[in-house]
Amino acid sequence: MLVDVKAMADIARELYAAKVYRELGSPGAQALKELITRVRETHDALTTERLSKGLTVIRTLDTGSVEAGVAPAVFTHTRELTAWYRQEAGPLSIHFEHNGTIRAWCAEIETSAISGQFVSYRYAGHQKEQILTPGGAHNVPTIANFPSYFAVPYFLDLRESLVRYGTISVRHAQCDIFRTTWREPARLVFVNKPEATMRRSLQQYLRASLRAHGPIQVMPEQNVNETKPVDIKVTWTASNRVALIEIKWLGLSHDATKQTTTPYAAGRARSGAKQLAAYLDSYHTHDPDTEARGYLVVFDGRRKGVTPGSTSVSYADGFHYANEEIDYPAALLARADFDTPVRFFCEPVCE
């Protein structure tokens, strides 16, 4: 979904301009304009996924100040928040001062801690946003499927594209590229080393589907550390957003030439999750100002009882693993930079 977030922010400012003007006059209207700009900058620097515990942005009028009771971190540029907040936990509060100084606390600053006149913004989770003044709170309108009125949903769009790809291209092998990963039309056993073909299929789909929100690069096998490249790296070049996609397949592959087989079970997916977490840690170390998010994509071709000599499978055996989700370490799933793994069950043609 293509939405001009800057234009929407301008609309939001107009929605509240009259209310703020009636309460705070021209200084309040000017503060609102500056607040909306700073809110957009903050959402550009930090993903909504990392702001799930809340965000408060404060713009005081000339006579206002913030007395938080704890020492803030001090910055001069909004993008500095990207690396700093990665080391913190809890809600984030930011005061953009008139002299350009940015003060940030890893705590929720209540309006009672703000002396004098102010205009502030609060994000309390998916589509829960308010503009606050000393006189009250005003709800921000929502945009369908957007977590925030002021943030571009780069990663949400990617997640939706991955789900569509699994449904359209993978489930029944409708993608011409992905279809070649199967040894036979019944889709029982993968060919030898199918991962490169899976990567090429997914890369092609993402290049065609991720067209909103500016220029995008979808590149295969990009180095993020000294051991092994991540399968696909998606870069939104007009922002600081990067997605690292790791691909794993489950099931049985067969090398007809060497007469060898390779079986992969659920443990393969779990090892892929740990591998992706290591990639993310390395990426954050080498590029701390980038908002990188990890996606584990699992092509699940498991069939019960199938061997290299199988030529058919019953419905019960072919779909034995269709609804068998994979358990991953809770610590990995709890990471703010780790998206819920995506599993594509690749349906066989059964007797």
Side-chain angles (χ1 to χ4, degrees), residues 1-2 145 154-213 216-221 230-234 243-256 261-266 268-269 272 295-306 308 310-326 339-351:
M1 180 180 181
L2 183 59
N145 300 322
Y154 298 103
F155 293 140
L156 180 62
D157 283 357
L158 174 57
R159 173 97 191 169
E160 291 176 349
S161 288
L162 290 173
V163 172
R164 286 196 302 271
Y165 167 74
T167 301
I168 297 170
S169 301
V170 175
R171 179 180 294 175
H172 301 295
Q174 292 300 300
C175 170
D176 291 338
I177 298 174
F178 177 70
R179 191 178 301 128
T180 64
T181 65
W182 292 107
R183 187 187 65 178
E184 63 281 295
R187 304 194 290 273
L188 307 180
V189 178
F190 287 120
V191 298
N192 186 45
K193 298 181 178 180
E195 190 168 305
T197 304
M198 293 172 176
R199 180 174 60 241
R200 189 165 70 254
S201 169
L202 178 55
Q203 178 189 357
Q204 181 191 67
Y205 184 87
L206 293 179
R207 281 179 171 171
S209 63
L210 293 175
R211 294 181 175 178
H213 314 312
I216 297 174
Q217 294 180 347
V218 183
M219 303 296 293
E221 295 195 291
V230 71
D231 284 302
I232 295 175
K233 178 182 176 184
V234 181
L244 305 181
I245 302 175
E246 182 63 18
I247 294 173
K248 295 298 178 189
W249 61 268
L250 310 181
L252 188 67
S253 75
H254 180 233
D255 187 332
T261 60
T262 303
Y264 282 135
R268 175 72 169 173
Y295 294 79
L296 176 65
V297 174
V298 179
F299 291 80
D300 192 347
R302 293 176 293 172
R303 284 83 172 91
K304 184 180 179 181
V306 165
S310 297
T311 58
S312 64
V313 67
S314 68
Y315 183 89
D317 288 344
F319 283 78
H320 179 80
Y321 296 98
N323 298 313
E324 187 173 295
E325 295 300 331
I326 299 167
D339 210 89
T340 303
V342 182
R343 182 179 72 101
F344 305 141
F345 183 73
C346 313
E347 296 185 4
V349 178
C350 300
E351 290 182 327

Enquirer: Under 4.5 Å between any side-chain heavy atoms of V191 and T180, yes or no?
Expert: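 Contact flag for V191/T180 side chains = no.
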
Enquirer: Just grab all the salt bridge (charged side-chain N to carboxylate O under 4.0 Å, His left out) pairs involving residues 178-190, residues at least two apart or on different chains.
Expert: D176-R179

Enquirer: Which atom pair, heavy atoms only, marks the closest approach of I232 to Q203?
Expert: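 Closest pair (atom of I232, atom of Q203, distance): CD1-N, 3.9 Å.
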
Enquirer: State, yes or no, whether a side-chain contact exists between S161 and L206 at a heavy-atom distance under 4.5 Å.
Expert: yes

Enquirer: Identify the two heavy atoms, one from F178 and one from C346, that lie closest to each other, and give their separation to 0.1 Å.
Expert: CZ-SG, 3.9 Å

Enquirer: Taking the side chain as everything from C-beta on, heavy atoms only, tell me whether T262 gets closer than 4.5 Å to D255.
Expert: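 T262 does not reach D255 side chain to side chain.
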
Enquirer: State which residues pass ring-ring contact (aromatic ring centres under 6.0 Å, His included) with F319; sequence neighbours excluded, sorted by chain then number.
Expert: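 Testing F319 for ring-ring contact (aromatic ring centres under 6.0 Å, His included), a comparison that skips the adjacent residues, returns Y315, F345.
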
Enquirer: Quick check: do Y165 and V297 have side-chain heavy atoms less than 4.5 Å from each other?
Expert: no

Enquirer: Walk me through whether F344 and M198 qualify under side chain to side chain contact (heavy atoms under 4.5 Å, CB included).
Expert: CA-CA 12 Å; F344 305 141; M198 293 172 176; over 6 Å; no

Enquirer: Exactly one of L162, L158, D157 should register a side-chain contact (heavy atoms from CB on, under 4.5 Å) with E160. Which one does?
Expert: D157

Enquirer: Let me see the working for R302 and H320 under side chain to side chain contact (heavy atoms under 4.5 Å, CB included), right down to the final yes or no.
Expert: CA-CA 8 Å; R302 293 176 293 172; H320 179 80; over 6 Å; no

Enquirer: What is the minimum heavy-atom distance between P185 and V349, and which atoms define it?
Expert: O-CG2, 3.7 Å

Enquirer: For the NZ atom of K233 and the CD atom of E246, what is their distance to the nearest 0.5 Å?
Expert: 14.5 Å

Enquirer: When W249 is tested against each of Y264, F299, W182 for ring-ring contact (aromatic ring centres under 6.0 Å, His included), which residue passes?
Expert: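 Of all the options given, the one that passes is Y264.
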
Enquirer: Is there side-chain contact between D317 and R303, with at least one heavy-atom pair below 4.5 Å?
Expert: no

Enquirer: Check L188 against P348 and note the closest heavy-atom contact, atom names and distance.
Expert: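 That would be CD2-CB, 4.4 Å.
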
Enquirer: For A269 and L296, work out which heavy atoms get closest and say how close.
Expert: O-CD2, 3.5 Å

Enquirer: Between T167 and R164, does any side-chain donor sit less than 3.5 Å from a side-chain acceptor?
Expert: no

Enquirer: Of all residues at least two apart in sequence or in a different chain, which pass the side-chain hydrogen bond (donor to acceptor under 3.5 Å, both in side chains) check with R159?
Expert: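 By the side-chain hydrogen bond (donor to acceptor under 3.5 Å, both in side chains) rule, R159 matches D339.
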
Enquirer: Which distance, rounded to the nearest 0.5 Å, do you find between the CZ of F190 and the OG1 of T261?
Expert: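 Reported to 0.5 Å precision, the distance equals 14.5 Å.
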
Enquirer: Is D300 close to L250 at the side-chain level, that is, under 4.5 Å between some pair of heavy atoms?
Expert: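 Heavy-atom side-chain distance check passes, below 4.5 Å.
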
Enquirer: Can K248 and R343 be said to form a side chain to side chain contact (heavy atoms under 4.5 Å, CB included), step by step?
Expert: CA-CA 10 Å; K248 295 298 178 189; R343 182 179 72 101; over 6 Å; no

Enquirer: Can you check side chain to side chain contact (heavy atoms under 4.5 Å, CB included) on V189 and S310, steps first, answer last?
Expert: CA-CA 9 Å; V189 178; S310 297; 5.7 Å; no

Enquirer: Check whether any side-chain heavy atom of L202 sits under 4.5 Å from a side-chain heavy atom of V218, and report yes or no.
Expert: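 No; the side chains remain at least 4.5 Å from each other.
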
Enquirer: Do side-chain atoms of S201 reach the backbone of T197 as a donor and acceptor pair under 3.5 angstrom?
Expert: no

Enquirer: Write down the atom of E195, the atom of D231, and the distance for their closest heavy-atom approach.
Expert: OE2-OD1, 3.4 Å

